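Heads up: the structure comes next, in structure tokens.
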Amino acid sequence: MAERRPAGAGGRATVVVRGGTVIDETGERRADVLISDGTVTAVGPDLDIPAKATVLDAGGCLVVPGLVDLHTHLRQPGGEEAETVETASRAAALGGYTAVLAMPNTNPTIDSAAVAREVLQLGETALCQVAVAGAITVGRAGQCLAPMGELAALGVRLFTDDGTGVQDAGVMRRALEYARGLGVTLGQHCEDATLAAGGHMHEGAWSSRLGVPGVPAAAEELMVARDIMLARLTGGRVHFLHLSTAGSVALVAGAKAEGLDVTAEVAPHHLSLTDGELSGYDAVFKVNPPLRTECDVAALRAGCAAGTIDAVATDHAPHPPEQKEGPLDVAAPGMLGLETALAVTLEALCAAAGDEKGKGAMSLHDVMALLSWRPARIAGLDVGHGGDQGGPIGVDGPANLCVIDPSERWEVDPDHLASRSRNTPWAGRMLTGRVRHTVYRGEPVVIDAEAQR
Amino acid sequence: MTPPSPLPDADELKPPPLSDAGRHLLSISDLGAEGIEEVLRVSDAFVEVASRPIPKVPALRGRTVVTLFAEESTRTRLSFETAAKRLSADVLSFAVASSSVKKGESLRDTVETVAAMGVDAFIVRHPSAGAPAQVAGWVDATVINAGDGWHEHPTQALLDCYTIRQVLAERAGRPVSESGVGDFAGLRVAIVGDVAHSRVARSGVLAFAALGAEVTLVAPGSLVPPSLEGWPVTGVSHDLDAVLPHVDVCYLLRLQTERGAGSFLPSIREYTAGYGLTLRRAGLLADGALVMHPGPMNRGVEIADEVADLPRSLVLRQVANGVAVRMAVLFLLLGQVVRGDATGTVADLGHGYGPVDG
């Protein structure tokens with residue numbers, strides 16, 4: 001691994017992505033992509049390859065705008081034993097991401113310009129862009145509004161107390177009103193603390209049989225419903241984080257039909273795994289919100305296909321082994337996601353992929369929308385990511401690209417992940433679809449599924 | 001708003017992946033009807049051993065058994081330790097209060113440290129559901145669940161089954177050793193009380209139903225598990241008076257009195273009024289109906305003082321049988337094959353082995 005160097009330093013080289021199928025918001029076409037000095041300089045079939053150009057083979061692959069993750073726990077500052085900005089960004093690059101949104105539940109919380117600056121600064125040498133989400137309330141304690149104006153001035157576009165929901169409806173109302181004035185979005189981790197209290201998995205048949213205290217679907221749905229009402233009341237913009245239940249999807253569909261300014265994301269594990277995974281009490285499957293039922297998985301998949309859900313976001317949540325190997329009710333919730341999200345999402349949603357639970361209903365193009373340009377827009381990262389304001393991968397556009405082999409089968413080996421942590425629920429499983437190359441600001445940060453620094 | 005999940009039938013809910021059925025006893029579902037029957041049959045031999053002047057056999061001589069109790073339960077620990085000692089095993093008692101767990105050591109480190117001393121079986125009591133299953137994944141030793149959170153307490157269910165079988169055999173005037181489990185077919189069992197938070201209820205339901213009994217749960221709405229999908233029960237009732245005349249066994253669960261503090265129940269008094277087996281209610285039971293309780297009893301709460309001492313109450317007999325049944329479990333899991341050598345069979349116990357000094 002090379003020494004650290006500022007991002008973009010490697011982006012001076014000339015790079016050709018050759019022989020792939022370009023998919024962006026505007027459509028799909030066979031084309032090579034020529035990149036120099038960090039920008040796309042030519043797009044078209046059978047381009048002449050300049051001498052000394054780095055050639056990235058994209059034969060049989062998709063060439064898409066770099067993926068954008070709305071929900072990443074980088075753990076720095078304060079949780080460096082689990083993950084750092086550098087290691088998470090390497091995992092992100094390997095997963096095809098060229099931008100991630102850092103969640104603010106660090107220690108200290110990202111609730112001031114000082115902490116936000118620290119994370120942004122760490123991100124300057126990362127293998128992808130690191131954008132920052134700020135906390136809605138000071139210390140994520142749910143009481144006093146964090147200095148959103150100060151943070152917005154640094155470019156923060158999304159605020160959330162993720163890890164917990166803002167419990168007090170009055171506080172959430174004021175936050176939405178204040179956020180509206182700044183033109184920023186509030187992301188809500190929907191979980192009513194009184195209904196969820198003491199729960200460690202989905203409340204249902206499995207929790208009842210296993211004797212594990214549960215979190216009912218209603219704990220999430222209650223806050224989704226409340227925040228829809230608050231969005232209506234305030235005109236504020238709400239983004240629902242990691243929705244996990246069929247009821248939540250129905251509520252958001254209703255709010256969108258009504259024309260409210262709401263968006264929603266889903267995590268790959270909620271599109272793929274169910275509470276039955278916890279039958280062996282393995283805490284690697286403990287996550288918040290919890291894995292739910294087959295019906296919920298089906299509704300979330302349908303919500304993606306119907307456009308109710310706007311984005312797939314990883315909720316990448318690294319934990320060191322000692323926080324994951326204890327009893328289920330002691331272990332920390334959360335699972336890794338950056339390096340597996342693309343494959344899991346393709347298998348869950350895409351008509352061209354499909355797993356044992358049946359093929360999805362969506363085209364590759366529509367799945368890429370959920371992973372790239374739609375989340376880019378929600379995070380305010382659509383200048384430079386997701387194809388630059390929805391435009392095509394074209395001349396003078398930003399060279400943030402991801403090359404995907406949709407048919408490659410690979411086995412997830414926790415010991416070969418770039419994350420500092422090992423808590424992947426897909427350990428030992430075969431997945432289909434893999435990132436072959438990632439180009440960030442013109443620099444090939446991943447070549448042939450290997451990180452370059 | 002979530003539709004009911006399509007799912008886990010009882011079969012699917014069976015052995016957790018961590019459980020290496022046959023080597024451990026983590027859940028009643030590790031045993032199935034045949035396994036339960038075998039435990040009951042072997043228990044007969046150990047009940048006989050208990051009646052000897054020196055109630056001890058050498059079946060597990062040289063084996064080491066650890067009781068690892070991360071939650072205090074003097075009765076269960078003493079019962080297991082007595083069982084292991086009567087089988088001549090060496091018994092180590094790991095009491096959490098005085099242990100490194102309090103110093104911040106993880107469960108895994110604790111267990112692996114003890115395992116490194118050379119241990120054949122861990123008997124685990126833990127406040128977290130699933131902890132014994134996790135221990136089974138970390139060590140080579142046999143693991144016996146002595147109660148984990150709200151999940152299961154399989155030896156309690158086995159000793160309850162044994163006690164029922166023993167009493168029904170006596171009534172029929174035949175030796176218990178000649179009883180199979182036929183008496184359980186159609187036996188009507190009511191499990192009464194805090195089912196939601198009860199490991200005794202989860203193991204009991206599985207065991208009684210596996211042997212053919214019809215199990216009804218009787219509980220206030222707030223103490224019924226959120227879902228009973230896949231539970232082999234015939235129904236749930238909130239009317240104990242209506243159920244009592246139609247049961248053969250009334251199994252009362254211990255009410256953890258902190259549940260009566262106003263969130264699950266308005267008060268202990270209201271619980272007793274609705275679900276306590278008062279003397280009046282005991283009068284509703286059919287003549288031969290049995291009253292059982294896993295102990296320790298809250299006299300005056302789930303069971304009236306006078307009812308606890310009625311002849312139909314089997315509470316002390318449950319305790320007495322507990323030792324023999326736990327001997328059977330230890331013997332079946334540890335006694336038959338010792339690192340490749342056979343040390344004995346059940347038949348040997350009745351004939352070949354005599355009392356030993358010890």
Side-chain angles (χ1 to χ4, degrees), chain A residues 194 197-222 224-225 244-251 274-283 285-286 291-300 321-331, chain B residues 1-10 12-19 26-27 29 70 104-111 124 126-138 147-153 195-199 201-203 205-206 224-231 263:
Chain A
T194 61
H200 301 284
M201 65 179 291
H202 172 64
E203 181 179 295
W206 278 105
S207 70
S208 298
R209 172 66 188 84
L210 294 169
V212 174
V215 179
E220 174 173 308
E221 292 155 4
L222 191 64
V224 172
S244 69
T245 79
S248 294
V249 176
L251 287 164
T274 62
D275 56 347
E277 300 284 353
L278 286 144
S279 64
Y281 297 96
D282 186 346
F285 296 105
K286 179 179 178 181
L291 301 177
R292 306 264 186 200
T293 68
E294 295 282 358
C295 289
D296 295 301
V297 168
L300 291 164
E322 64 271 20
Q323 288 181 14
K324 273 296 191 183
E325 71 182 10
L328 194 59
D329 53 3
V330 175
Chain B
M1 298 188 66
T2 308
S5 75
L7 116 103
D9 57 26
E12 217 176 316
L13 284 166
K14 272 178 185 170
L18 286 180
S19 121
L26 305 175
S27 162
S29 54
E105 189 179 52
S106 74
L107 178 62
R108 181 171 188 159
D109 286 338
T110 300
V111 163
V124 181
H126 202 282
S128 299
Q134 290 179 306
V135 172
W138 297 330
D148 60 331
W150 307 343
H151 176 225
E152 283 212 40
H153 191 357
V195 178
H197 305 105
S198 175
R199 51 186 168 232
R202 282 180 177 75
S203 286
V205 164
L206 291 174
V224 176
S227 167
L228 292 173
E229 227 179 298
W231 288 47
S263 69

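Just so you know, these numbers come straight off a predicted model, no measurement behind them. We name chains A, B, ... by the order of the sequence lines, and we start the count at 1 in each one.
- At a 4.5 Å heavy-atom cutoff, B:H197 makes no contact with chain A through either its backbone or its side chain.
- The shortest side-chain heavy-atom distance between B:L206 and A:R209 falls under the 4.5 Å cut-off.
- Considering every non-hydrogen atom in both A:G211 and B:A129, the closest pair reads O-CB, 3.4 Å.
- The contact between A:E325 and chain B is made by backbone and side chain atoms together, counting heavy-atom distances below 4.5 Å.
- To the nearest 0.5 Å, the span separating NE2 on B:H151 from CG on A:L328 amounts to 11.5 Å.
- Of all heavy-atom pairs spanning B:Q134 and A:P327, the tightest one is OE1-CA, 3.0 Å.
- Neither the backbone nor the side chain of A:V249 has a heavy atom closer than 4.5 Å to any heavy atom of chain B.
- Of the inter-residue distances, the one linking B:L26 atom CG with A:Y281 atom OH reads 9.5 Å to the nearest 0.5 angstrom.
- Contacts with chain B were tallied for A:S207, A:P213, A:G204, A:P216; A:P213 has the most, counting heavy-atom pairs under 4.5 Å.
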